[in-house]
Asker: 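Below is one structure. I have some questions about it.
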Amino acid sequence: MLSLVSVDKRFGKLSALSGISLEFGRNETVGLIGPNGSGKTTLVNLVTGMYGPDSGQVLFRNTDITNLGAHRIFRLGVARTFQNLRLFSRMTVLGNVEAAQYGTRGNSFIHHLLRDGLAKGSIREKAEWALETVGLQDVRNRLADTLPLPQLRRLEIARVLACDPELVFLDEPAGGMTPAESEDMARLIADCVTPNRTCIVIEHKIELIVQVCARVCVLNAGLLVADGDPGEVLSLPAVTDIYLGREATHA
Ligand code: ADP
Ligand code: MG
């Protein structure tokens, strides 16, 4: 479904990703973990076309998408949420989910303007369905910037669901949440996001990763240091050392 082949990405002298080769299978749910600055978001940015790698290739469904550009990669069925949230703060909750769908197959903004009410209906219907799925239907007419963080993260999930992508990246979907809120988020991801699609989930909250993912990849300083069954990977000394280091520096 998705392959990274010897991918390197540098920012100036800093190697954000070095020689990363990874395969993700159809409908697999994979956790991507590692300390801050280890290259997790960079990997998402590379696959989703925010920028290209310095070397190496990205293949999606056996098509080379290296340097294809974000819009075209999105149209192929690749969607993501953002660690730092990318929402239209002065737009309604519903408007945010409708806007997310422009650019999906057959739903360019121009098409949308030119078409009759039918297309608009389907964008609206998908948005309403997605908001109901994440439990935001009651706040759909509020401006996005009036929602608290846990609801904003749910709104990002609704935007993804409305586009019905085949491949999804969730970048710290439980960031800033209480344990109870992250438990709710884990359930939402497992029930509504991961079934029938390939998902890569970045999260520091290991309980969420364990609950949602059948496989875990660990990055450290731009290198892939472990990949496999969560129980095994998370008990490797190399991984516990990294995490103890992270806890120490962030406590
Ligand atoms: P993570 O998501 O694992 O916390 P990132 O992928 O965001 O890590 O960052 C990896 C490294 O690359 C960090 O050292 C970060 O400062 C650096 N970095 C990320 N994006 C940029 C950028 N656009 N310009 C310069 N440095 C960057
Ligand atoms: Mg990040």
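Numbers here simply count residues along the sequence, with the first being 1. Numbering of ligands and ligand atoms starts at 1, following listing order.
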Asker: State, without any angle test, whether S3 and E23 hold a side-chain donor-acceptor pair at a distance under 3.5 Å.
Answerer: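 Distance-only check passes for S3 and E23.
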Asker: Sub-3.5 Å donor-acceptor pair from the side chain of E203 to the main-chain atoms of A174, do we have one?
Answerer: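 Such a contact is found between E203 side chain and A174 backbone.
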Asker: Apply ring-ring contact (aromatic ring centres under 6.0 Å, His included) to the pair F60 and F24, showing each step before the final yes or no.
Answerer: CA-CA 10 Å; F60 174 58; F24 301 102; over 10 Å; no
Asker: Non-hydrogen atoms closer than 4.0 Å to ligand 1: which protein residues do they belong to? List them by chain and number, please.
Answerer: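 F11, L14, A16, P35, N36, G37, S38, G39, K40, T41, T42.
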Asker: Distance only, no hydrogens: is a donor on one side chain within 3.5 Å (strictly under) of an acceptor on the other, for D171 and T41?
Answerer: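 Looking only at side-chain atoms, T41 and D171 do form a donor-acceptor pair, the distance falling under 3.5 Å.
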Asker: State whether the number of non-hydrogen atoms from other residues, nucleotides or ligands found under 6.0 Å of R142 atom CZ is greater than 12.
Answerer: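 Yes, because the 6.0 Å sphere around CZ of R142 holds more than 12 heavy atoms from other groups.
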Asker: Ignoring waters, how many N, O or S atoms from the protein are under 2.8 Å from the Mg ion (ligand 2)?
Answerer: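 Near the Mg ion (ligand 2), the number of protein N, O or S atoms below 2.8 Å is 2.
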Asker: Could R90 and F88 be counted as a cation-pi pair, given that NZ or CZ must be under 6.0 Å from the ring centre and within 45° of the axis?
Answerer: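 Verdict for F88: no cation-pi partner in R90.
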Asker: I'd like to know if D164 pairs up with K126 as an ion pair, taking the criterion as any Lys NZ or Arg NE/NH1/NH2 lying under 4.0 Å from an Asp or Glu carboxylate oxygen.
Answerer: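 No salt bridge links D164 with K126.
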Asker: Identify whether the distance between the nearest side-chain nitrogen and carboxylate oxygen of E156 and R86 falls below 4.0 Å.
Answerer: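 The answer is no: the pair does not qualify as a salt bridge.
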Asker: Do D8 and S55 pair up side chain to side chain, a donor and an acceptor below 3.5 Å, judged on atom types alone?
Answerer: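 There is such a pair between these side chains.
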